[in-house]
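Inspection log for the structure reproduced underneath, given as structure tokens.
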Amino acid sequence: MANVVVIGAQWGDEGKGKITDLLSRSADIVVRYQGGVNAGHTVVVDDQTFKLHLIPSGILYPKTECIIGSGTVIDPKVLIEELDTLKTLGVSTENLFISSSAHVTMPYHRLIDQAAEVQRGDHRIGTTGRGIGPTYADKSERTGIRMLDLIDAAGLRDQVEWIVKHKNVILEKLYDLPPLDPEAVIAEYAGYADRLRPHVVDCSLTIYDAIQRRRNILFEGAQGTLLDLDHGTYPYVTSSNPVAGGACVGTGVGPTMIDRVIGVAKAYTTRVGEGPFPTELVDGVGEQLCDRGAEFGTTTGRQRRCGWFDAVIGRYAVRINGMDCIAITKLDVLDELDEIKVCVAYEINGQRCKDFPTNARLFADCKPIYETLPGWKQSTEDCRALEDLPKAALSYLKFLAEIMDVPIAIVSLGAGRDQTIIVEDPIHGPKRALLYDTANTVQPV
């Protein structure tokens, strides 16, 4: 039995959906522990592409139970659309469960999110405009509506009537927007409640019972470490905690019940939205990475900013999350490059710094210090074992593992399930994963 957390080690979009889907074949339960419909996980099975936003990636395995945890925020309209889409694609959602204490995104959350972003002007954050931040804000202010309120007709009416009255003042006076009709909101959300009621459970109790029965549980995060509300590149962050510690808070599971943490990082770096990005490439190489990597957001369709691998934020992610091992994705995107750079440190005010600066202004002024490695100039898409990889590709992976001081457990070489090299199974393997030695063979650490 193993309880494993999968987290993003960069700014999100690392390929967590594929890795979670891959590991879900060994899991009995997959739990999404934070974020909302601002997340987008793409999974390719055979020739079919699934785009998931709220539903855990494990849903594609018929016998795997999936839970949307308490730390998520749920837009019921989008969730129902996702359920309907999966049904048309032949995927059963009978094993999907929703935490009764997860908070609900309401119409006023979306309106305020979008209006506030416009009002920020040059100080905009780059939100998706899906109402995620305002939903979490209401949660903190203790004025939020939870799933247990949604499925209680009397409770929903009581909550919506006074909250909409309060929100209308903000919409009208602060953002010059028309007010919402509370009766229309109640009618709309009561319909959602009828559809979702059979899926609502006590998340913490459900998971605890599963742990007692020694079932394998996979905890799936959204976004990435550098978007964490407390530990990311604030203020250009999300409104929740994608880091590994968020899995405990977002599901009601004690920290001693977590066995392993696996990080996911691209073989290069991407970022969506605003905020500093030291290794960003605004030249032909950046365009090449974007084109070959199909770097467009699953949720928004926005083009992602691309840059070289940043080992400084990589080491930071290893430390913040207590990673046991890491999965490197999209190695194949680098196949055509003559040389590949890795940021090993920053120059800050003329000083070399190998640690991530928590001061946002300092981070904005960081200049990357690179080491250059040779490219391999041949396709890796069909490689299925370490020995199939070009020597330079193996050397690149070994360099990343050593500079971040974390073993590599999985290498992804494309979107398909089969386009993967599993060095070690993070669920059933040993406590420590495997590293590469100088002879390009695999040795246990």
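The analysis underlying the following values was restricted to heavy atoms, covering all of them including side chains, and did not include hydrogens, waters or symmetry mates.
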Exercise. Assess whether salt bridge (Lys or Arg N to Asp or Glu O under 4.0 Å) is satisfied between R319 and D355, documenting all intermediate values.
Key: CA-CA 11 Å; R319 169 165 60 89; D355 296 314; 5.6 Å; no
Self-check item: W11-Y236 aromatic ring centre distance below 6.0 Å
Solution: no
Any donor-acceptor pair under 3.5 Å from [X] side chain to [Y] backbone:
| X | Y | answer |
| --- | --- | --- |
| D21 | V43 | no |
| K341 | T279 | no |
| D113 | H109 | no |
| R292 | D332 | yes |
| N321 | M323 | no |
| E220 | V5 | no |
| D283 | G286 | yes |
| Y346 | P357 | no |
| R130 | D75 | no |
| K377 | E336 | yes |

Side chains of [X] and [Y]: donor-acceptor distance under 3.5 Å anywhere?
| X | Y | answer |
| --- | --- | --- |
| T270 | K266 | yes |
| D335 | T380 | yes |
| T20 | S57 | no |
| T329 | S412 | no |
| H103 | D138 | no |

Quiz item: Between F363 and F356, does a ring-ring contact (aromatic ring centres under 6.0 Å, His included) hold up when you go through it step by step?
Solution: CA-CA 8 Å; F363 184 62; F356 173 73; 5.1 Å; yes
Quiz item: With E295, which of R271, R304, R305 fulfils salt bridge (Lys or Arg N to Asp or Glu O under 4.0 Å)?
Solution: R304
Quiz item: According to the interplanar angle, ranging from 0 to 90°, do the rings of Y370 and W308 count as parallel (below 30°), tilted (30 to 60°) or perpendicular (above 60°)?
Solution: perpendicular
Quiz item: Is the count of non-hydrogen atoms from other residues, nucleotides or ligands lying under 6.0 Å from Y234 atom OH greater than 12?
Solution: no
Self-check item: Flag if over 12 foreign heavy atoms under 6.0 Å of CG, D176
Solution: no
Taking every non-hydrogen atom, the tightest pair across [X] and [Y]:
| X | Y | result |
| --- | --- | --- |
| I348 | C353 | CD1-CB, 4.0 Å |
| Y268 | G293 | OH-CA, 3.6 Å |
| V411 | L397 | CG2-CD1, 3.8 Å |
| E381 | Q419 | O-NE2, 3.7 Å |
| V253 | I211 | CG1-CD1, 4.2 Å |
| L174 | Q119 | O-NE2, 3.5 Å |

Quiz item: For Q223, which of K16, Q34, Q10 qualifies under side-chain contact (heavy atoms from CB on, under 4.5 Å)?
Solution: Q34
Quiz item: Knowing that exactly one of T72, I68, T64 qualifies, which makes a side-chain contact (heavy atoms from CB on, under 4.5 Å) with P56?
Solution: I68
Quiz item: Can a salt bridge be assigned to the pair R215 and E65 using a cut-off of 4.0 Å between side-chain N and carboxylate O?
Solution: yes
Practice problem: In plain terms, say whether D418 and R384 are close enough for a salt bridge, that is, a side-chain N and a carboxylate O under 4.0 Å apart. | Solution: yes
Practice problem: Might you work through the side chain to side chain contact (heavy atoms under 4.5 Å, CB included) test for I369 and R352, ending with a clear yes or no? | Solution: CA-CA 8 Å; I369 298 173; R352 182 185 178 100; 3.6 Å; yes
Practice problem: Might you work through the side chain to side chain contact (heavy atoms under 4.5 Å, CB included) test for I132 and V37, ending with a clear yes or no? | Solution: CA-CA 8 Å; I132 310 302; V37 296; 4.1 Å; yes
Practice problem: List the steps, then state whether side chain to side chain contact (heavy atoms under 4.5 Å, CB included) holds for C306 with L281. | Solution: CA-CA 6 Å; C306 297; L281 294 166; 5.8 Å; no
Exercise. Please round to the nearest 0.5 Å and tell me the distance separating atom CG of L226 and atom OG1 of T233.
Key: 5.5 Å
Practice problem: Test N216 against I29 for side chain to side chain contact (heavy atoms under 4.5 Å, CB included), laying out the working first. | Solution: CA-CA 7 Å; N216 292 320; I29 300 175; over 6 Å; no
